[in-house]
Each structure stands twice: as C-alpha cells, then as structure tokens.
Amino acid sequence: MASFSLHGNRYTYEIVKADQPTSVSASSSSSDSVLNWRSNGLDLYMVQSDSDLSLSWYLEESHTQHTLSTSADMVKLLNTAREVLLLTGLDLANAPENAENIQYRVFSYSDLVVAETTFLYNNTQCTYRMAVIQEIPESIVDISELNSSFSSVIPGIVDYCLAKLSFTPDKDGKIIWYDVVPGIAYSLSVNSNATEDFLLQLANELFEPAQGDVY
C-alpha cells in the first residue's frame, strides 16, 4: 500500500495478489454506491462511501487486484487512475486500430461524469463518450453535445442496446445508446463522412459491455 499526493489531493493505492477479482459489492455496505463499467478491455468498479471514493480493477496477467482511493471527486479520481495505469502500460482510452491522435479526458457535464476519447480514424475526427446514469432514463440520454440539424434520424442497435442515429450523409453525425444493465449512456460523434453503416460499425467496434458477472 502506498499513499501519495497529486494536484493537491491525497490518494491511497493498494495492490493485492489474488487468484480472481475481489468482490467489491460483497465488501461494501448497503449504503455504498457500486458502479461498474468496461473501458479498453479493463473492468472498472467504483465504490462511494461516507469517507472516500475508490476505484478498483483486476489484472489477470499478474493476478493482482488494484484499488485507488481518495476523498477527491470522481473526475479527479478517474484522471489519476489513468495516470497510474499509463505507468503500467495500460490506458483507459478506447479507440479502434489505426486510430491516430488519441486523447482522453474526464469531465463534468450536466451533473454527469463523462469519460471521453477523441481520435482521428479514416480521416474523420471522432469523439467517443460514456457516462454512468444513476436512474434508468425514459429515453436515451444524449451526452454528445452535438446539436446540429440532421437530415436523417433513424433507430439502430449497438450489440444488444437500442440506439438512435442522427446524421447528414457524408457530413457530421452521431449515434447514442444506453446499456441498461450497468446503467451507462454512450455517444459516438463524427465531424465528417457520417453514414449509417460507418456509425454502426464503429460504435459496435468501440462498445464493450460491462462484465457484470466478473465479481
């Protein structure tokens, strides 16, 4: 276990040898909030208690459970977790093969914490976002911030999730969807070359269903 300060906030980082992931929900009280999602092949589990916020992940290749805790907010925790993961050769940024100029950030938007990866793919600037939604929404929450007037608005499916596509052919567009099991809203937007096939293909390539049965 190690303690350190970063950007004025205190963190505790713990690594434990384990043959399988430690159950986050089993060790948490009923008052804790347990969230889980998947990013770039890594299952992430977050627990909010009265005193701090913890993010946990398991590395199969080394059989180690990692937990990063802090009293800071979720945005700062996720950004610090990415810095820790980068030191071990891992990254939370999710982009397709052959993508270029990959950038990752976490920020607050409309009372949500949004994780965003931007990248250049097939000469198209793409923005992929995800955000945990605490309550099941009546309709798909749009976190893309792309509010153009589109000539085409059609339904679609990303893996097992209902989706909505909005685009002007060969110009800009977006696809939004919601994974009800972990409660995560997603968006993928492009600034050019938008087509139904391109949006659906790329969204299905990027989307990683949360592994709810791991713990």
Check step by step if side chain to side chain contact (heavy atoms under 4.5 Å, CB included) holds for L199 and V190. CA-CA 8 Å; L199 288 169; V190 298; 4.0 Å; yes
Side chain to side chain contact (heavy atoms under 4.5 Å, CB included) for L202 and C126? Distances and angles first, verdict last. CA-CA 10 Å; L202 186 53; C126 305; 3.9 Å; yes
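Using a 30° and 60° split on the angle between ring planes, Y186 and W177 fall in the parallel class, below 30°.
Put simply, I133 and V180 are part of the same group of oily side chains (I, L, V, M, F, W, Y) that touch within less than 4.5 Å, one to the next. Under the 4.5 Å side-chain heavy-atom criterion for ILVMFWY residues, a single connected hydrophobic cluster contains both L165 and L206. The hydrophobic cluster containing W57 also contains M46, counting ILVMFWY residues as joined when their side-chain heavy atoms lie under 4.5 angstrom apart, directly or transitively. Linking Ile, Leu, Val, Met, Phe, Trp and Tyr whenever their side-chain heavy atoms come within less than 4.5 Å leaves M130 and I157 in two separate clusters. In terms of hydrophobic clustering, with Ile, Leu, Val, Met, Phe, Trp and Tyr side chains grouped at heavy-atom distances under 4.5 Å, L55 and L86 are assigned to different clusters.
Residues S39 and N94 have side chains that never bring a donor and an acceptor to within less than 3.5 angstrom of each other. Side-chain atoms of S187 and S144 include no donor-acceptor pair closer than 3.5 Å. Using modelled atom types and a 3.5 Å distance limit, the side chains of S56 and Q65 yield a donor-acceptor pair. For the residue pair T80 and Y11, a side-chain donor N or O sits within less than 3.5 Å of a side-chain acceptor on the partner. For the 3.5 Å distance criterion, the side chains of Y58 and H66 fail to qualify, holding no donor opposite an acceptor.
Using a distance-only test at 3.5 Å, with no hydrogens or angles considered, no donor-acceptor pair links the side chain of S110 to the main chain of L112. Proximity of a side-chain donor or acceptor of S5 to a complementary backbone N or O of G8 within less than 3.5 Å is not detected. For the pair E205 (side chain) and P96 (backbone), a donor-acceptor distance under 3.5 Å is absent. Between the side chain of K164 and the backbone N or O of S139, no donor-acceptor pair lies under 3.5 Å. Using a distance-only test at 3.5 Å, with no hydrogens or angles considered, no donor-acceptor pair links the side chain of Q125 to the main chain of N191. Between the side chain of N122 and the main chain of T124, no donor-acceptor pair closer than 3.5 Å is present. Distance alone, capped at 3.5 Å, is enough to place a donor-acceptor pair between the N40 side chain and the D91 backbone. Put simply, the side chain of R105 never gets that close to the backbone of E116: no donor and acceptor are under 3.5 Å apart. Judged purely by atom type and a 3.5 angstrom limit, Y104 has no side-chain atom pairing as donor or acceptor with the backbone of N79. Q48 places a side-chain N or O within 3.5 Å of a backbone atom of D52 that can act as its donor or acceptor partner.
When all heavy atoms of A194 and G173 are compared, the pair lying nearest together is CB-N, 3.9 Å. When all heavy atoms are compared, the tightest approach of L200 to I175 is CD2-CD1, 3.7 Å. In this structure, A163 and V158 approach most closely via the heavy-atom pair CB-CG2, 3.9 Å. Nearest approach of V16 to E14, heavy atoms of both residues: CG2-OE2, 3.6 Å.
Applying the salt bridge (charged side-chain N to carboxylate O under 4.0 Å, His left out) rule to pairs touching residues 172-181 yields D142-K174, sequence neighbours excluded.
Side-chain contact check for E60 versus Q20: every heavy-atom pair is 4.5 Å or farther apart.
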